[in-house]
Amino acid sequence: EVQLVESGGGLVQAGGSLRLSCAASGLSDDDTVFGWFRQAPGKEREGVSCISSSDGSTYDIDSVKGRFTISSDNAKNTVYLQMNSLKPEDTAVYYCAAADALVASMPFFCKYGMDYYGEGTLVTVSS
């Protein structure tokens, strides 16, 4: 059974930073793409940042480039999202996600969704 457990959400002022963590278990494929998705109230879920477990390559949407950094520690089966210079529009529930996919498919999965999701962690950025 695949499990993705997020932690690290909370309330932060605009301009501040947070680091989200995702502990993954039950994934057996070496070609795995991990990602962070978010869903703000009244909006559709969107992929934010993704990373390939095979070569560490990453993919970010334009609105977070230069502010968010996705990384992974394969030895700990953990994926991180370092979020700096947070803005009120970053307020959302953030979900860790994973898909059995090759790195070449990462942009597709990051945009259209993955196979597995965690329960989510709330990030609130106050102005």
Side-chain angles (χ1 to χ4, degrees):
E1 179 187 5
V2 175
Q3 285 192 323
L4 302 169
V5 181
E6 305 96 336
S7 61
L11 173 64
V12 64
Q13 288 188 333
S17 299
L18 281 175
R19 189 176 83 154
L20 306 182
S21 299
C22 171
S25 62
L27 291 160
S28 58
D29 197 325
D30 290 337
D31 292 320
T32 301
V33 171
F34 291 96
W36 288 95
F37 286 69
R38 67 185 179 186
Q39 187 165 20
K43 295 188 177 181
E44 293 187 355
R45 183 179 62 197
E46 65 173 350
V48 176
S49 296
C50 296
I51 187 167
S52 167
S53 66
S54 62
D55 67 359
S57 57
T58 61
Y59 175 88
D60 303 296
I61 59 173
D62 288 344
S63 61
V64 306
K65 285 181 179 178
R67 300 190 299 123
F68 291 10
T69 303
I70 189 171
S71 61
S72 64
D73 185 335
N74 289 344
K76 295 182 178 180
N77 293 323
T78 302
V79 180
Y80 305 96
L81 184 67
Q82 178 66 44
M83 304 185 295
N84 298 328
S85 302
L86 282 160
K87 304 175 181 180
E89 52 263 43
D90 294 319
T91 294
V93 177
Y94 283 72
Y95 299 90
C96 179
D100 297 323
L102 298 174
V103 61
S105 302
M106 181 166 60
F108 175 88
F109 282 92
C110 206
K111 182 175 182 179
Y112 293 108
M114 298 196 181
D115 300 321
Y116 310 104
Y117 291 89
E119 294 294 317
T121 185
L122 177 63
V123 172
T124 304
V125 185
S126 64
S127 58

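All residue numbers refer to positions in the sequence shown, counting from 1.
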Closest heavy-atom pair and its distance - [X], [Y]:
X: Ser49; Y: Asp60; result: OG-OD1, 2.7 Å
X: Asp31; Y: Ser54; result: OD1-CB, 3.8 Å
X: Ala104; Y: Pro107; result: O-CD, 3.7 Å
X: Phe109; Y: Phe37; result: O-CZ, 3.5 Å
X: Ser17; Y: Ser85; result: OG-N, 4.4 Å
X: Gln82; Y: Asn84; result: NE2-OD1, 2.9 Å

How long is the straight-line distance from [atom2] of [Y] back to [atom1] of [X], given to the nearest 0.5 Å?
X: Asp100; Y: Met114; atom1: CG; atom2: CE; result: 11.0 Å
X: Gln13; Y: Ser126; atom1: CD; atom2: OG; result: 5.0 Å
X: Leu11; Y: Leu122; atom1: CG; atom2: CG; result: 9.0 Å
X: Gln3; Y: Asn77; atom1: CD; atom2: CG; result: 12.5 Å

Margin query: I'd like to know if the side chain of Ser53 reaches the main chain of Thr32, judged simply by a donor and an acceptor atom lying under 3.5 Å from each other, with no hydrogens or angles considered.
Written below: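 Yes: the side chain of Ser53 pairs with the backbone of Thr32.
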Next item on the list: Verify, without hydrogens or angle tests, whether Gln39 (side chain) and Ala92 (backbone) share a donor-acceptor contact under 3.5 angstrom.
Entry: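 Answer holds: no.
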Check: Do Tyr80 and Arg19 pass the side chain to side chain contact (heavy atoms under 4.5 Å, CB included) test, and can you show the C-alpha distance, the side-chain angles, and the key distance before you say yes or no?
Finding: CA-CA 7 Å; Tyr80 305 96; Arg19 189 176 83 154; 3.7 Å; yes
Item checked: Electrostatic pair Lys65:Asp62 at N-O distance under 4.0 angstrom -> yes
With hydrophobic residues grouped by side-chain heavy-atom distances under 4.5 Å, do [X] and [Y] end up in a single group?
X: Tyr116; Y: Phe34; result: yes
X: Ile61; Y: Met83; result: yes
X: Leu81; Y: Leu4; result: yes
X: Val48; Y: Met106; result: no
X: Leu20; Y: Tyr95; result: no

For the residue pair [X] and [Y], establish whether any side-chain heavy-atom pair is separated by less than 4.5 Å.
X: Val64; Y: Arg38; answer: yes
X: Tyr117; Y: Cys96; answer: no
X: Leu86; Y: Phe68; answer: yes
X: Tyr59; Y: Val33; answer: no

Note to self: How about CD on Glu89, more than 12 heavy atoms from neighbouring residues, nucleotides or ligands closer than 6.0 Å, or not?
What the structure shows: yes
